[in-house]
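Everything on this sheet refers to the single structure shown next.
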Amino acid sequence: MIRYAAIRGWGFYAPDRVLSNFDLEQMVDTSDEWIRERTGISERHIAADTECTSSMSAEAARRALASAGVKASDIDLIIVGSASPDYLFPATACLVQDSLGASKAGAFDLEAGCSSFIYGLSVASQFIAAGTFDNVLVIGAETLSRFVNWKDRRTCVLFGDGAGAVVLGPSEQPTGVLSTVLGADGSGGDYLSLPAGSSRLPASHETVDNGDHFIHMSGNEVFKFAVRIIGDAVEQAIAKAGIRIEDVELFIPHQANIRIIQSAAKRLRLPMEKVFVNVDKYGNTSSASIPIALSEAVASGRVKDGDHLAFVAFGAGLTWASAVVKWGV
Ligand code: ACO
């Protein structure tokens, strides 16, 4: 019997605190107009002091489990995709496992920059297809506000915090994750990095003074890379799934920048009516962006059983990933 990995539950959590472009005008030399024109972002959510990646992950996971009707004690595996985990170790996934009381679950983190959620979806679906596990929780979660230099207008306007989660389970129907494509080009690692605080450049007074614990990004290089890679990645996932671009009912790209999204849609000849966009409200939530967008798309009635969804993401690494998902169990 062929086992498919269906998405049985979904949910997201965004912190209550909203930081608007107008708030940012008070913090750095920027304007609402510049941010909206160059990125499409109007506001983003920022974690409270009491929140962190594991707490937001756990909340998104609880919502996904409730929507799936699956108990935490029935989860076999928890994967947290994040570039901003609580700690280097222990893994954020273990903190989530404890918080949920997922007593029989294995748990690990997966780091592929903003592509982490789709990477996690790919890993989870292999375990389900192989018959190793039945219920797998895949979470994408970030607290990038803690790693942004709030004095650097080139980066601080871009990112937001949040978490999204899905519960995958087996189906005998040809549904769920039909294909995934994973890619990496480590030669571009310097374009987007957090240089200090790990084994290569441990924390010191000097690294703190140099601001090396903040996100460093060559925005233009990342932009060019994203525009180049997205179309190819989606076309590969579509070919692997055995469908055509016209069969995609909803395209859910990583929400980093509206200009990147529009250029990808144009390249793929997808009308914007078929493209889900919420970057205006959340900014770039990195690994969390696709599960948040998916959850909002479902809640707003944009997804119905039998629809083909195409996901694509790109990010630090550099990495990229795409997937075709057929909705329904
Ligand atoms: N407000 C006002 N002016 C600004 C701001 C700001 N917030 N930020 C930059 N500028 C200025 C620059 O200083 C520059 O001025 P100058 O010409 O006098 O030097 C000018 O605006 C143009 O700057 P560019 O960097 O060329 O602007 P660009 O149009 O490329 O937009 C942006 C910058 C939005 C960062 C874009 O390059 C982008 O979105 N890149 C992709 C970034 C991305 O997606 N990163 C996330 C990857 S996911 C992950 O793994 C975390």
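Counting convention: from 1, in listed order, for ligands and their atoms alike. Below, all heavy atoms of this structure are taken into account, side chains as well, without hydrogens, waters or symmetry copies. No experiment lies behind these values; they were computed from the predicted model shown.
- For the side-chain contact (heavy atoms from CB on, under 4.5 Å) criterion with Val234, the lone passing option out of Leu270, Val312, Val181, Val248 is Val312.
- Between Arg153 and ligand 1, at least one pair of N/O atoms sits closer than 3.5 Å.
- Close approach to Val157 involves these atoms of ligand 1, each under 4.0 Å from a residue heavy atom: 7 (N).
- For a threshold of 3.5 Å applied to N or O pairs, the pair formed by Asn220 and ligand 1 contains at least one separation below that value.
- Remark: among candidates Glu142, Glu25, Arg154, Met217, the nearest residue to atom 45 (N) of ligand 1 is Met217, based on non-hydrogen atoms.
- Per-atom contact check: atom 48 (S) of ligand 1 touches the protein, criterion being a heavy-atom distance below 4.0 Å.
- In this structure, atom 7 (N) of ligand 1 is in close contact with the protein, since a protein heavy atom lies within 4.0 Å of it.
- Looking at Arg17 and Asp49, no side-chain N of the basic residue comes within less than 4.0 Å of a carboxylate O on the acidic one, giving no salt bridge.
- Contact atoms of ligand 1 toward Ala316: 49 (C), 50 (O) (distance under 4.0 Å to a heavy atom of the residue).
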Open item on the list: Walk me through whether Thr285 and Glu142 qualify under side chain to side chain donor-acceptor pair (under 3.5 Å).
Closed with: CA-CA 6 Å; Thr285 58; Glu142 304 284 0; over 6 Å; no
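- Between atom 36 (C) of ligand 1 and the options Phe223, Tyr191, Phe225, Phe314, the minimum heavy-atom separation is to Phe223.
- Atom 44 (O) of ligand 1 has its closest protein heavy atom at Ala256 CB, 3.4 Å.
- For atom 42 (C) of ligand 1, a protein heavy-atom neighbour is found at a distance under 4.0 Å.
- Remark: the backbone N or O of Glu51 is not paired with any side-chain donor or acceptor of Ser55 at under 3.5 angstrom.
- The residue from Phe276, Phe314, Phe117 that alone fulfils the ring-ring contact (aromatic ring centres under 6.0 Å, His included) condition with His254 is Phe314.
- Considering only non-hydrogen protein atoms, atom 10 (N) of ligand 1 sits nearest to Trp34 CZ2, 3.4 Å.
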Open item on the list: Does Thr207 form a side chain to side chain donor-acceptor pair (under 3.5 Å) with Asn210? I'd like the steps, not just the answer.
Closed with: CA-CA 5 Å; Thr207 60; Asn210 288 342; over 6 Å; no
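- Under the 4.0 angstrom criterion, atom 32 (C) of ligand 1 counts as lacking any protein heavy-atom contact.
- In this structure, Leu194 CG and His213 NE2 are separated by 8.0 Å, a value rounded to the nearest 0.5 Å.
- Between Tyr282 and His45, a ring centre-to-centre spacing shorter than 6.0 Å is recorded.
- When only non-hydrogen protein atoms are considered, atom 35 (C) of ligand 1 lies nearest to Leu158 CD1, 3.9 Å.
- Remark: Leu158 CG to Leu144 CG distance equals 10.5 Å, nearest 0.5 Å.
- Counting heavy atoms only, Cys114 comes closest to atom 50 (O) of ligand 1 of the residues Gly317, Gly113, Cys114.
- Atom CG of residue Asn135 and atom NZ of residue Lys104 lie 7.0 Å apart, to the nearest 0.5 angstrom.
- Remark: among candidates Asn284, Asp29, Val227, Asn21, the nearest residue to atom 46 (C) of ligand 1 is Asn284, based on non-hydrogen atoms.
- Using a 4.0 Å cut-off between heavy atoms, Thr30 contacts ligand 1 through both its backbone and its side chain.
- Note: no N/O pair closer than 3.5 Å links Phe159 and ligand 1 by distance alone.
- With respect to the salt-bridge test (charged N to carboxylate O, under 4.0 angstrom), the residues Asp23 and Arg44 do not qualify.
- When distances from atom 17 (O) of ligand 1 to the protein are checked, no heavy atom turns up under 4.0 Å.
- In Lys266, the NZ atom is not crowded: 12 or fewer heavy atoms of neighbouring residues, nucleotides or ligands sit closer than 6.0 Å.
- Within a 6.0 Å radius of CZ in Arg154, no more than 12 heavy atoms belonging to other residues, nucleotides or ligands are found.
- When each atom of ligand 1 is checked for a heavy atom of Leu192 under 4.0 Å away, the hits are 47 (C), 48 (S), 49 (C), 50 (O), 51 (C).
- For ligand 1, the atoms sitting less than 4.0 Å from at least one non-hydrogen atom of Arg38 are 22 (C), 27 (O), 28 (P), 29 (O), numbered in the order shown with element in parentheses.
- Residue contacts with ligand 1 for Val28 are absent, since no atom lies close enough (heavy atoms, distance under 4.0 Å).
- Counting only heavy atoms, the protein gets under 4.0 Å from atom 13 (O) of ligand 1.
- In this structure, Leu294 and Val166 approach most closely via the heavy-atom pair CD2-CG1, 3.9 Å.
- Ligand 1 places these atoms under 4.0 Å from at least one heavy atom of Asn257: 34 (C), 38 (C), 39 (O).
- Expressed to the nearest 0.5 Å, how far CZ of Arg302 lies from CH2 of Trp327 amounts to 13.5 Å.
- Taking a cut-off of under 4.0 Å to the non-hydrogen atoms of Thr39, the atoms of ligand 1 that pass are 34 (C).
- The shortest N or O to N or O distance between Ser31 and ligand 1 is not below 3.5 Å.
- Polar contact check, Gly219 against ligand 1: a nitrogen or oxygen pair lies under 3.5 Å apart.
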